[in-house]
Amino acid sequence: MINKRNVSPSSVLKSPASIPDQHSKNDEEKARATSTTTTTTTYRFATTVPNTIPHFVMKARKNWREIPVVFDEFGNAFAIRQNWDFFYADVGWIHQNLPYAKSSRLKSEQRVNHFANHSELTRKDLLAKNLQRASRAAKKRGENDVAEKFEKISPKTYSLPGDLSLFSREFDCNENMMNRKTSSFSSSSSSSSSNSTSSSSSSLPPPPMMTASSNIWIMKPIGQSQGRGIFFVWKRSQIQRWQNRRKKLDDDMNTTNSQQQFNGLSTSSLSSYSLQFHHQQQQQQQCEQYSGVSHSTQQQQNNNNNNNIASNANSINICKENYVAQKYIHNPLLIGGRKFDMRLYVLVISFSPLVVYVNREGFARFSSKRYDSKIKSNSMENYFVHLTNHSVQKKGESYDPNVCDLKWPLHKLRRHVRATFDNKIEETCFKEIENLIKLSCDAVKSSMIRDERCFELYGYDVMIDDAFKPWLIEVNASPSMTADSTSDKELKTRVFEDVLNALDFEKKFTERDDEHDGDDTEQKQKQQKRNQQNTYLARLPTRIGGFDAIVNESKDVCVQNLILKKKPTLGNSNTDREQNLKDIGVLSDEEEIKIK
């Protein structure tokens with residue numbers, strides 16, 4: 001049920017001072033009858049991220065009213081006791097107020113925009129571990145083909161420092177293989193050229209697949225986004241240097257903690273806020289000391305934007321967080337000589353049963369400089385060649401959003417693939433992307449807490465290689481909902497409007513079933529609410545505006561098979577969105593979509 005605020009005309013008509021007579025009673029009865037048909041339900045929302053597109057969309061929505069968020073003395077937002085129906089929060093608020101088992105603080109009718117343990121999918125190291133676990137489970141069931149699919153969703157990834165020995169072994173194995181192939185090719189070429197009678201057809205081609213760029217790994221902090229803290233390794237000495245710096249930091253931290261305990265200052269006696277601040281100060285000092293980057297050195301750089309990137313890379317990559325080492329895709333599909341990836345919007349309404357929608361309106365993000373497979377040592381150009389994060393690319397000297405904002409609408413990218421190559425390649429590639437999204441959600445669903453009060457809009461980053469194989473790079477729990485341009489604003493507005501349409505607060509395309517027996521036990525009431533949730537999920541249309549279902553396990557088997565077998569809709573035109581919303585009952589014939 002949704003909290004209701006009934007605005008009844010009868011409440012206005014009644015007056016304690018009025019003298020009841022037959023005429024006034026008749027008027028009052030008519031007013032009551034009218035109020036039953038004109039009752040308005042007000043939906044209360046709150047947010048910790050004001051002045052963003054979701055905030056503007058909720059404010060503009062009919063019969064939605066904003067509840068102010070209260071902040072404590074530390075700047076933390078709390079509205080858990082407020083009478084709200086929907087809370088659009090940042091992940092920090094979720095971690096503070098929905099710590100796993102404590103999600104029961106929420107009322108049954110309230111909704112929030114994150115799952116309590118969303119990090120199972122959105123944290124880089126946990127995603128890699130869940131994919132590996134799903135692959136092992138498939139092998140135990142004898143489903144080797146499914147296990148292989150899980151293994152090939154994402155580039156090979158290792159969690160550091162925990163998997164450092166495994167990563168080092170993999171790196172050395174690739175290095176040795178490259179050296180063997182190179183030496184074999186050199187000796188064969190030498191013997192072939194020394195034999196003057198040999199035919200020209202006997203010359204050997206270059207060794208396939210193993211080039212100097214095949215053993216490049218990209219290092220990413222597990223809890224950062226927007227390209228912060230990323231750096232590359234392609235030499236064994238670089239891994240060893242990172243390991244030594246990390247070990248030095250751990251030793252210094254342990255020494256400091258031991259000294260504090262020796263002096264009688266127990267870390268448990270410090271407040272968590274003060275202790276965290278103390279450790280951050282220590283880490284920042286250690287970063288500057290061990291990375292060899294000082295403020296005076298940074299100020300000598302010519303470009304302020306490059307300064308910010310360099311500062312992030314050097315201050316985060318060694319000290320602040322654990323890392324993942326992910327195999328670098330050295331053969332990306334290029335358009336106009338530039339590397340790109342795709343930002344896709346994925347709406348997960350439920351993990352149990354699994355209900356996933358993909359918006360057909362994502363976009364491709366391009367690098368600002370032409371692609372070169374070589375990584376240059378100590379060069380800021382690496383970021384503008386090899387990273388496609390828009391937050392990084394727009395800091396480049398040549399970036400001008402009025403000339404080119406380095407983005408393509410997804411339908412334009414799909415049309416380019418179809419025109420440049422052929423229809424079969426295009427359809428197969430985009431169908432594999434949808435399957436990749438489904439498999440990634442399937443890999444984590446057993447780990448996710450079942451809570452019908454939660455949903456999540458994820459930002460999937462997917463890259464395509466030159467063999468048209470899609471790769472999942474990472475999943476973002478909080479995709480950017482601010483606009484860089486008018487087209488960006490319109491796209492994200494449509495996306496979030498359809499998120500609210502899919503949640504169906506107004507019960508426009510699902511039947512309202514608010515009545516229940518008040519004498520039921522608590523267990524029966526929970527079961528009834530669960531049945532209502534399953535009924536709501538089963539009644540969801542396969543398309544809601546720009547969102548198309550790629551899996552809905554609450555529907556019958558025949559419908560599930562139809563969803564799985566349908567052609568990919570990712571990147572399709574969304575010009576018929578308004579008509580679709582009318583067809584499923586979200587919009588009436590008189591209503592119009594307003595994008596402000």
Side-chain angles (χ1 to χ4, degrees), residues 91-92 94-95 99-100 114-138 147 149-171 174 216-233 238-239 242-243 245-247 249-250 253 276 279 283 287 312-313 315-329 341 346 348 351 387 389 436-437 439-449 456 458-463 471-479:
V91 293
I94 296 295
H95 294 162
Y100 295 87
H114 293 286
F115 291 92
N117 59 335
H118 64 85
S119 57
E120 296 289 342
L121 180 63
T122 59
R123 223 176 74 174
K124 302 173 183 68
D125 58 335
L126 295 182
L127 173 60
K129 291 179 179 179
N130 282 317
L131 292 174
Q132 293 168 7
R133 183 180 58 193
S135 177
R136 291 194 300 267
K149 290 179 180 178
F150 280 117
E151 293 172 357
K152 293 185 177 181
I153 288 178
S154 184
K156 188 169 291 187
T157 304
Y158 293 96
S159 301
L160 304 180
D163 295 339
L164 186 57
S165 60
L166 295 176
F167 169 52
S168 299
R169 189 183 309 166
E170 173 79 14
F171 187 92
N174 291 343
I216 297 174
W217 296 75
I218 182 167
M219 302 280 285
K220 304 177 182 180
I222 61 173
Q224 296 292 333
S225 59
Q226 299 182 341
R228 289 189 289 264
I230 290 179
F231 65 103
F232 302 90
V233 294
Q238 295 168 326
I239 302 174
W242 183 88
Q243 182 181 5
R245 291 174 176 175
R246 181 63 184 243
K247 186 177 184 302
L249 174 66
D250 292 340
M253 293 294 291
Q276 181 181 7
H279 283 179
Q283 290 174 347
C287 279
N312 285 335
S315 62
I316 296 175
N317 62 14
I318 295 169
C319 304
K320 292 208 171 181
E321 293 195 47
N322 291 341
Y323 263 64
V324 294
Q326 189 175 76
K327 189 70 181 294
Y328 181 71
I329 300 174
D341 73 351
V346 177
V348 178
F351 277 101
L387 299 184
N389 307 67
L436 173 153
I437 295 170
L439 284 171
S440 65
C441 293
D442 195 58
V444 303
K445 69 177 184 181
S446 61
S447 303
M448 301 298 292
I449 297 174
E456 198 139 17
Y458 296 107
Y460 270 65
D461 292 343
V462 177
M463 187 172 293
W471 297 93
L472 175 59
I473 304 303
E474 62 185 40
V475 182
N476 296 273
S478 301

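Because the structure is predicted, anything quoted here is derived from the model rather than measured.
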| field | For E170, salt bridge (charged side-chain N to carboxylate O under 4.0 Å, His left out) partners two or more places apart | value | K156
| field | Qualifying residues under salt bridge (charged side-chain N to carboxylate O under 4.0 Å, His left out), relative to D163, sequence neighbours excluded | value |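 Checked D163 against salt bridge (charged side-chain N to carboxylate O under 4.0 Å, His left out); zero matches.
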Minimal non-hydrogen separation, [X] against [Y], with atom names:
X	Y	result
A443	L131	CB-CD2, 3.8 Å
S440	Y460	OG-OH, 2.8 Å
L472	P155	O-CD, 3.5 Å
K124	P221	NZ-O, 3.4 Å

In Å, rounded to the nearest 0.5 Å, how long is the span from [atom1] of [X] to [atom2] of [Y]?
X	Y	atom1	atom2	answer
I222	T157	CD1	OG1	13.0 Å
W217	L160	CH2	CG	9.5 Å
K152	W471	NZ	CH2	7.5 Å
L121	E456	CG	CD	8.0 Å
S165	Q243	OG	CD	9.5 Å
K129	S447	NZ	OG	12.0 Å

| task | For side-chain contact (heavy atoms from CB on, under 4.5 Å), just list the numbers for S119 and H95, CA-CA rounded to whole Å, side-chain angles, deciding distance to a tenth of an Å, and then say yes or no. | result | CA-CA 10 Å; S119 57; H95 294 162; 5.6 Å; no
When you measure from the side chain of [X] to the backbone of [Y], do you find a donor-acceptor pair of N or O atoms at a distance under 3.5 Å?
X	Y	value
N117	I449	yes
N130	E120	yes
D461	D341	no

| field | side-chain contact (heavy atoms from CB on, under 4.5 Å) between I329 and I473, worked out | value | CA-CA 10 Å; I329 300 174; I473 304 303; 3.9 Å; yes
| task | Check the pair Y458 / F115 against ring-ring contact (aromatic ring centres under 6.0 Å, His included), numbers first and verdict last. | result | CA-CA 11 Å; Y458 296 107; F115 291 92; 7.2 Å; no
| said: When you compare the side chain of C441 with that of F351, does any pair of heavy atoms fall below 4.5 Å? | reply: yes
| said: Using side-chain heavy atoms (C-beta onward) and a distance below 4.5 Å, is V348 in contact with M448? | reply: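 V348 does not reach M448 side chain to side chain.
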| query | Can you check side-chain contact (heavy atoms from CB on, under 4.5 Å) on K327 and N174, steps first, answer last? | reply | CA-CA 11 Å; K327 189 70 181 294; N174 291 343; 3.9 Å; yes
| note | Applying side-chain contact (heavy atoms from CB on, under 4.5 Å) to S135 and not counting sequence neighbours gives K139, A147, F150, E151
| message | Over 60° means perpendicular and under 30° means parallel, so tell me whether H118 and H114 are parallel, tilted or perpendicular. | response |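 Answer is tilted, since the angle falls between 30° and 60°.
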| Is the Y158 ring parallel, tilted or perpendicular to the F167 ring (thresholds 30°, 60°)? | tilted
| task | Could you walk me through whether N322 and D125 pass the side-chain contact (heavy atoms from CB on, under 4.5 Å) test, one step at a time? | result | CA-CA 9 Å; N322 291 341; D125 58 335; 5.9 Å; no
